[in-house]
Amino acid sequence: MTSSARPLLNRRLAEFGTTIFAEMSALALSTGAINLGQGFPDTDGPEEVREAAVRALRDGLGNQYPPGPGVPELRTAIAAHQQRRYGLSCDPDREVLVTAGATEAIAASLLALLEPGDEVIALEPYYDSYAACIAMAGGRRVPVTLHPDDDGFCLDLDELRDAVTDRTRLLLINTPHNPTGTVLTRAELAAIAELAVERDLLVVTDEVYEHLVFDDAEHVPLATFPGMRERTVTISSSGKTFSFTGWKVGWVTGTQELVTAVRTAKQYLTYVSAGPFQYAVAEALRLPDSYFDGFRADLRRKRDLLGDGLRTAGFEVYQPKGTYFITTDITPFGEKDAHRFCRALPERCGVVAIPNSVFYDDPAAGRSQVRFAFCKRDDVLHEAAVRLRRLAS
Ligand SMILES: *Cc1c(COP(=O)(O)O)cnc(C)c1O
């Protein structure tokens with residue numbers, strides 16, 4: 001402790017404590033409950049991708065600092081992926097940057113693009129790193145809240161338009177959206193794009209769940225809309241798509257100007273990371289469509305498995321169109337406080353979940369919402385469903 005009365009943690013970060021995931025994962029450990037809190041798969045990704053990482057390690061590929069922008073093999077594979085899936089062309093040498101997961105890409109983008117006092121509009125409830133990164137960059141966050149309705153959570157485009165002021169610099173968009181599972185439609189994205197062009201805003205889009213869309217939903221990158229390529233930083237990652245969340249290989253694509261700006265911040269955060277894994281992810285991105293289709297079908301089945309279990313247990317379930325999360329409401333149990341509900345849940349029935357209230361500026365907004373992850377083995381989801389049924393009795 002220093003002698004002054006000044007707190008150690010600076011003012012920008014004062015409001016941020018330990019993340020909810022640490023609290024709830026510790027609870028899962030101490031109680032032996034099934035952890036449907038943090039969103040990581042409990043089985044690893046494709047064997048051939050894991051073998052590619054082993055081969056890279058053995059062959060001495062990436063064991064020393066890889067190039068700052070990422071290894072050429074991976075940058076080429078990312079550019080080819082954007083072209084093949086979305087018809088977006090980017091130059092692997094100038095318009096692609098490999099990062100330490102999407103997390104670093106988000107941080108570097110905001111640190112590079114914001115001046116202190118700039119307003120950033122983000123869809124609320126938001127992914128937990130957004131608020132902290134906006135704060136570290138000295139920006140001001142302005143939430144636009146997604147509202148629950150019969151069809152999941154919806155964006156009110158008028159609210160989005162009204163949130164833009166002369167100080168708005170950037171829209172931080174996440175689709176498919178964690179934690180609600182909302183996938184913005186082509187029409188919604190077109191309206192966002194029009195707004196960005198009209199008000200001359202930068203856009204950072206977090207598309208880490210780009211391959212996890214279900215039913216009739218479709219993922220369309222914002223960068224594909226008219227006038228958007230030159231103002232959009234597109235972020236994705238291998239963690240969710242290939243079930244290797246520990247590897248932390250993410251990337252940014254955009255124009256040379258945008259990528260250069262982001263790289264300027266990124267080079268002083270980690271400089272580089274995950275050398276051998278970059279080679280493995282390059283191979284992963286070249287997997288045939290059958291991998292991506294199979295992965296999506298598998299997760300869709302898991303969504304339905306857990307969703308049915310939650311409905312049977314008595315939760316109100318907001319059907320997700322993407323991601324690997326289901327947001328529920330606990331009001332049918334006569335409960336109102338999701339945080340309290342989640343703290344008691346391991347004791348009551350041996351399951352851990354996350355209260356969505358922590359993803360809102362105003363916790364009252366998401367007070368009765370609880371999020372469950374379904375990226376788990378079928379037997380784990382079955383067992384969770386059996387345990388959750390105890391709530392009904
Ligand atoms: C998991 C996740 C990230 C982080 O991705 P990493 O590649 O693991 O850093 C970013 N955004 C959202 C919405 C996520 O769910």
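Numbering of ligands and ligand atoms starts at 1, following listing order. Counting from 1, the numbers follow the sequence of the chain as shown.
Note: F277 and F244 fail the aromatic proximity criterion, with ring centroids not under 6.0 Å apart. Here F295 and F242 keep their ring centres 6.0 angstrom or further from each other.
Grouping Ile, Leu, Val, Met, Phe, Trp and Tyr residues whose side-chain heavy atoms lie under 4.5 Å apart, directly or via other members, places L97 in a hydrophobic cluster with I106, L110, L113, L114, V120, Y126, Y127, Y130, I134, L170, L172, L202, V204, V233, I235, V252, L258, V259, V262.
Under the rule for a side chain to side chain donor-acceptor pair (under 3.5 Å), the partners of R300 that lie at least two apart in sequence or sit in another chain are D215.
Atom 12 (C) of ligand 1 has as its closest protein heavy atom D206 OD2, 3.3 Å. For atom 15 (O) of ligand 1, the nearest non-hydrogen atom of the protein is Y209 OH, 2.6 Å. Counting protein heavy atoms only, atom 5 (O) of ligand 1 is closest to A102 CB, 3.5 Å. The shortest contact between atom 7 (O) of ligand 1 and any protein heavy atom is with S237 OG, 2.6 Å.
Contacts of T103 with ligand 1, taken as heavy-atom pairs under 4.0 Å, involve both backbone and side chain.
The two residues E316 and P332 come nearest to each other via the heavy atoms N-CG, 3.8 Å.
Inclusion of N174 in the set of residues having an N or O under 3.5 Å from an N or O of ligand 1 is not warranted. Note: an N/O pair closer than 3.5 Å links N178 and ligand 1 by distance alone. Residue contacts with ligand 1: Y130 is placed with no nitrogen or oxygen under 3.5 Å of a nitrogen or oxygen of the ligand (distance criterion only).
Applying the 4.0 Å criterion to heavy atoms of K248 picks out, from ligand 1, the atoms 6 (P), 8 (O), 9 (O). Annotation for ligand 1: atoms under 4.0 Å from non-hydrogen atoms of K240 are 1 (C), 2 (C), 3 (C), 14 (C), 15 (O).
Transitive grouping of hydrophobic side chains (ILVMFWY, heavy atoms separated by less than 4.5 Å) brings Y324 and I34 into a common cluster.
R231 contributes a side-chain N or O that, together with a main-chain N or O of L201, makes up a donor-acceptor pair within less than 3.5 Å.
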